[in-house]
Amino acid sequence: DLYFQRGGECAGAGKLLKSHPKAGEDFYMKTCLESIGVDTQEDFSLLRDGICGTDCPGSDGPCSDGWVAAYHFYRDVDSWNTCHAEALKAQVAAGHDQAPAPIAPKEEVMEISGGDAAAEATDLMGKATDLRAKLAPDASAAKAMRKSADGDIKTATAKIRDAQQRLVDAAANKTKAETLARNAAEQVSKAETIQKSSQHIAGVAAEAKAQGVKDRGAAKALVASAKAAEEKAKSEIGPAVEAEEKALGEVASGRICLGLPGVRLKSSSAIDPKTIVKTLDTSTPEKCQAWCRENAECRQSIFSAGNKGCYLFAELSGEPIDFKDSFNSSYCGDSSENEHMLGLVKSVFKMKPWVPPLKQCSWAGEDCTQTKCCANAAVPNWHFTEFQWYQCKPEASGSHACKLEHAPAGVDFSKLSNMMTREVPKAPEGVLTQGTSLFCFAVVCWDKGPKEAFWSSEADLANNIKKTGRSIMGCEDHAFFQGGGLSGGGDASSIQNIDAFINAWEQVRKDGRYLKHDWTIKVDADAVFFPERLRAHIRDLRTPKGSRVYLRNINFKFQFLGALEIFTKEALERYYEASGQCSQHVGHQGGEDYYMMACMDGIGVDHQTDFKLLNDKYAATGNCHDPWVVGFHFYKKVTSWNQCHDDAEKAAQASNMHFLQ
């Protein structure tokens, strides 16, 4: 009634529609009724609406609550009837009176029979109007009472909820109090136990204190006795040390020693003599030699600066292992052995190889006034028929700088570098040469497929090497390093992979095994490699021991292809010492092999040349029937790789090559 009287305020003024233009009719109706003063009561069991989804309370079925008055959102006749039947069934199960079956509405017909009926109707309408006027005050009063009652009900409901919460809180507090009481009882029990233990401990402590007082007195007496003994020992040790030094000096006076600076001798029959009271100091080459001289059984000493170790031996050796400044060896014996030891010294130093001193030049753009040379390699065209090279040229300022200019036509590329890198000659017979111990590694892209469908993947080639025990598996030590970030041909080839291979060489450095071997060899997985042939080539090259050398491997373009890269340990030590210069001054475009060659030349690493190290299809020398060639490249399918290996072995057997013996 109130809505029909004042509802126009909601629509007429347009405030609600403007404030909530997209609100539903239900929200509009609720807001309108509240704004004109209609009160509310809550009963959330009146309606269950499928629109609210999981936000609505759950039940056994969509229409299974016998108390819900209405169910919404059944948009086809079958589901509507199913819901209605389920709700009636739930109502009966809940014990509520079943609603009567719906009764078809009857049509109301007002019969107008004439003037008398009209007069009677008019009279009734008048009476109804009078009755309504009389009841209006009572209706207003009833509404006011209802509003007041609703307020009282809300207040009472809030108080009931508050009381219920207080009861819950009280129960929780009671539980906490009981728990605290139990804990307190336990703590009291523990305290009583601790008190009893403390009393016992106090008694034991008193006894211990009394005993300690006694022991302290005895300890003081012992300390005094020990100090007296120490003083006596000090007074006696001096003469003892003097006596020992005198005895050792007498031994030394009858012996002579000859030093071999920079030499590490082969050794056998190690001895470890001890002093009696003298403090031994062998921290220098001279002191190490003196200790050998003072011991009659010592014939040879070796001092290592790396760990300041002094090693003594009962036998002389005329065979040097290495010539390095970090080692010092000595021969010791009586005066009658002087000539023999002198002969050994001369024989050892005759074996000392000549290692070219490290030469350092200036890089492009740097002042070369002092060095008079340039470190950068020549810059060739793609076919290696024309070159530019760096020359140390004077400038207007009076200084010199390395500048790029065209090289004369017809000049041999291998002689274009102003670094003047040296071809190291073979060591003469009898001179110490580099050993044949090999550390070999391959860089493998384990997670990449082959570039061509008819090739095998890098992983397949590497796993074939492992399975057959061939290639780098025949070296004294080997490793497979991950070739992450490689580009180029999609494999671990050296084309356009400079930065990735710089990272691979860094993995070699971190691995550290290269330091334990004479040579380090990088082998492509698609190269068929024979370690035993390489050892034969190394023996034939007679590389002077300790030389910083890489091997130029093929007579093609710049004479160094990346399928088989071979370096002495000393060459890699120099590379790791100066690789930052290469990264900064050598271009990163092109092949990894040309980068490594330009880097090694630029930092002063020398080379030897052996064009029978590699047969490569890139150089049109790709056959597998040469019994002397060390590596054959490239064979990118496992079956063709194995076939090449078999063909090369048969060729060597047919030629009766000596490295097969």
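Worth knowing before you read on, the calculation uses all heavy atoms, side chains too, and leaves out hydrogens, waters and symmetry mates. Residue numbers start at 1 and run along the sequence shown. Keep in mind that this is a model prediction, so the values were computed, not measured.
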**Fill in**
Between Val630 and the options Leu564, Ile521, Leu614, the side-chain contact (heavy atoms from CB on, under 4.5 Å) test singles out Leu564

**Message:** Show, in sequence, the C-alpha distance, side-chain angles and deciding distance for Trp363 and Gln581, and conclude whether the side-chain hydrogen bond (donor to acceptor under 3.5 Å, both in side chains) test is met.
**Reply:** CA-CA 9 Å; Trp363 294 98; Gln581 297 180 34; 3.0 Å; yes

**Request:** Please round to the nearest 0.5 Å and tell me the distance separating atom CG of Leu551 and atom OG1 of Thr543.
**Result:** 6.0 Å

**Fill in**
Rounding to 0.5 Å, atoms SG (Cys298) and CG (Leu312) come to a distance of 4.0 Å

**Message:** For Phe529 versus Cys440, what's the shortest heavy-atom pair and its separation?
**Reply:** CE2-SG, 4.0 Å

**Prompt:** Can we say Glu577 and Arg574 salt-bridge, meaning some charged N sits less than 4.0 Å from an Asp/Glu carboxylate O?
**Reply:** yes

**Message:** With side-chain hydrogen bond (donor to acceptor under 3.5 Å, both in side chains) as the criterion, how do His633 and Asn615 come out once you've worked through the C-alpha distance, each side chain's angles and the decisive distance to 0.1 Å?
**Reply:** CA-CA 6 Å; His633 183 252; Asn615 269 10; over 6 Å; no

**Message:** Please determine whether the number of non-hydrogen atoms from other residues, nucleotides or ligands lying under 6.0 Å from atom NZ of Lys266 exceeds 12.
**Reply:** no

**Prompt:** Do Trp519 side-chain atoms and Gly435 backbone N/O form a donor-acceptor pair below 3.5 Å?
**Reply:** yes

**Prompt:** Would Asp616 and Phe632 satisfy side chain to side chain contact (heavy atoms under 4.5 Å, CB included), going step by step from the backbone distance to the final call?
**Reply:** CA-CA 6 Å; Asp616 201 305; Phe632 303 88; over 6 Å; no

**Request:** Could you tell me whether the side chain of Thr568 and the main chain of Val549 form a donor-acceptor pair under 3.5 Å?
**Result:** yes

**Request:** Would you confirm whether Ser456, through its side chain, and Val638, through its main-chain N or O, come within 3.5 Å as a donor-acceptor pair?
**Result:** yes

**Fill in**
What one should report as the nearest heavy-atom pair of Ile603 and Ala578 is CG2-CB, 3.8 Å

**Asked** Rounded to the nearest 0.5 Å, how far apart are OG1 of Thr279 and CG of Asp281?
**Response** 9.0 Å

**Request:** Show your working on side chain to side chain contact (heavy atoms under 4.5 Å, CB included) between Ser267 and Tyr311 and close with a plain yes or no.
**Result:** CA-CA 9 Å; Ser267 56; Tyr311 307 93; over 6 Å; no

**Prompt:** Donor-acceptor pair, Lys403 side chain versus Tyr390 backbone, under 3.5 Å?
**Reply:** no

**Item:** Closest approach of Val355 to Gly546 (non-hydrogen atoms, all atoms of both residues)
**Value:** CG1-O, 3.8 Å

**Request:** Mark yes or no for whether Gln608, through its side chain, and Tyr550, through its backbone, hold a donor-acceptor pair below 3.5 Å.
**Result:** no

**Asked** Tell me the salt bridge (charged side-chain N to carboxylate O under 4.0 Å, His left out) pairs involving residues 503-520, sequence neighbours left out?
**Response** Asp477-Arg513, Glu506-Arg509, Asp511-Arg513, Asp518-Lys545

**Item:** Asn381 CG: over 12 foreign heavy atoms closer than 6.0 Å
**Value:** yes

**Message:** Taking Ala651's backbone N and O only, do any of them form a donor-acceptor pair with Ser655's side chain (distance below 3.5 Å, no angle check)?
**Reply:** yes

**Item:** Heavy-atom donor-acceptor pair, Tyr635 side chain to His645 backbone, under 3.5 Å
**Value:** no

**Prompt:** In this structure, which one of Phe481, Phe567, Tyr514, Tyr595 forms a ring pair (Phe, Tyr, Trp, His ring centres under 6.0 Å) with Trp505?
**Reply:** Phe567

**Asked** Between Asp272 and Lys274, is the closest basic N to carboxylate O distance under 4.0 Å?
**Response** yes

**Asked** Can you tell me how far CG of Leu461 sits from SG of Cys445, rounded to the nearest 0.5 angstrom?
**Response** 11.5 Å

**Complete:** Residues Phe323 and Met351: closest non-hydrogen pair is CE1-O, 3.8 Å

**Fill in**
From the list Cys361, Cys368, Cys392, disulfide (SG to SG under 2.5 Å) with Cys373 holds only for Cys361

**Message:** Centre-to-centre under 6.0 Å for Trp628 and His537, is that the case here?
**Reply:** yes

**Request:** Return yes if some donor-acceptor pair links the side-chain N/O of Asn328 with the main-chain N/O of Ser330 below 3.5 Å, else return no.
**Result:** no

**Pair Asp499-His588, side-chain donor/acceptor within less than 3.5 Å** = yes

**Request:** Run the salt-bridge test on Lys278 and Glu294 with the 4.0 Å N-O cut-off and return the result as yes or no.
**Result:** yes

**Request:** Carefully, step by step, assess His607 and Val424 under the rule side chain to side chain contact (heavy atoms under 4.5 Å, CB included).
**Result:** CA-CA 6 Å; His607 65 270; Val424 175; over 6 Å; no

**Message:** Looking at Arg264, I'd like to know if its CZ atom is crowded, meaning that more than 12 non-hydrogen atoms belonging to other residues, nucleotides or ligands lie closer than 6.0 Å.
**Reply:** no

**Item:** Nearest heavy-atom neighbours spanning Lys350 and Val431
**Value:** O-CG2, 3.8 Å

**Ser326 (side chain) donor-acceptor with Gly306 (main chain) under 3.5 angstrom** = no

**Asked** Can you check whether Cys332 and Cys292 have SGs under 2.5 Å apart?
**Response** no

**Prompt:** Has Gln370 got more than 12 heavy atoms of other residues, nucleotides or ligands less than 6.0 Å from its CD?
**Reply:** no

**Request:** For residues 297-317, pull every pair meeting salt bridge (charged side-chain N to carboxylate O under 4.0 Å, His left out), keeping only residues two or more places apart or in separate chains.
**Result:** Arg299-Glu337

**Request:** May I ask you to establish whether Lys636 and Phe634 are in a cation-pi arrangement, using a distance under 6.0 Å from NZ or CZ to the six-membered ring centre and at most 45° from the ring axis?
**Result:** yes

**Prompt:** Are Asn376 and His585 linked by a side-chain donor-acceptor pair shorter than 3.5 Å?
**Reply:** no

**Message:** Checking Gln434 against Glu570: is there a side-chain donor and acceptor pair closer than 3.5 Å?
**Reply:** yes

**Item:** Trace of the side chain to side chain contact (heavy atoms under 4.5 Å, CB included) decision for Lys466 with Phe480
**Value:** CA-CA 10 Å; Lys466 293 181 180 180; Phe480 292 90; 3.5 Å; yes

**Asked** Salt bridge or not for Arg470 and Asp646, using N-O below 4.0 Å?
**Response** yes

**Request:** Could you grab the distance from atom OG of Ser640 to atom CG of Asp526, nearest 0.5 Å is fine?
**Result:** 9.5 Å

**Prompt:** Is Thr468 reaching over with its side chain to a backbone N or O of Asn464, donor-acceptor style, under 3.5 angstrom?
**Reply:** yes

**Prompt:** Is it true that Arg548 and Asp606 make a salt bridge, defined as a side-chain N closer than 4.0 Å to a carboxylate O?
**Reply:** no

**Request:** Classify the side-chain pair Gln360/Thr371 by whether it contains a donor and acceptor separated by less than 3.5 Å.
**Result:** no

**Exercise: identify the closest heavy-atom pair between Phe313 and Ile271** = N-CG1, 4.0 Å

**Message:** Counting C-beta onward and ignoring hydrogens, is there a side-chain heavy-atom pair between Glu565 and Asp593 closer than 4.5 Å?
**Reply:** yes

**Prompt:** Would Asp601 and Arg552 count as a salt bridge (Lys or Arg N to Asp or Glu O under 4.0 Å) if you check the C-alpha gap in whole Å, the side-chain angles of each, and the deciding distance to 0.1 Å?
**Reply:** CA-CA 12 Å; Asp601 287 347; Arg552 294 189 175 180; 3.5 Å; yes

**Prompt:** Any ion pair linking Asp626 and Lys612 (charged N to carboxylate O, less than 4.0 Å)?
**Reply:** yes

**Salt-bridge present (Arg535, Glu476; N to O < 4.0 Å)** = yes

**Asked** Without hydrogens or angle criteria, can the side chains of Glu395 and His400 be said to hold a donor-acceptor pair below 3.5 Å?
**Response** no

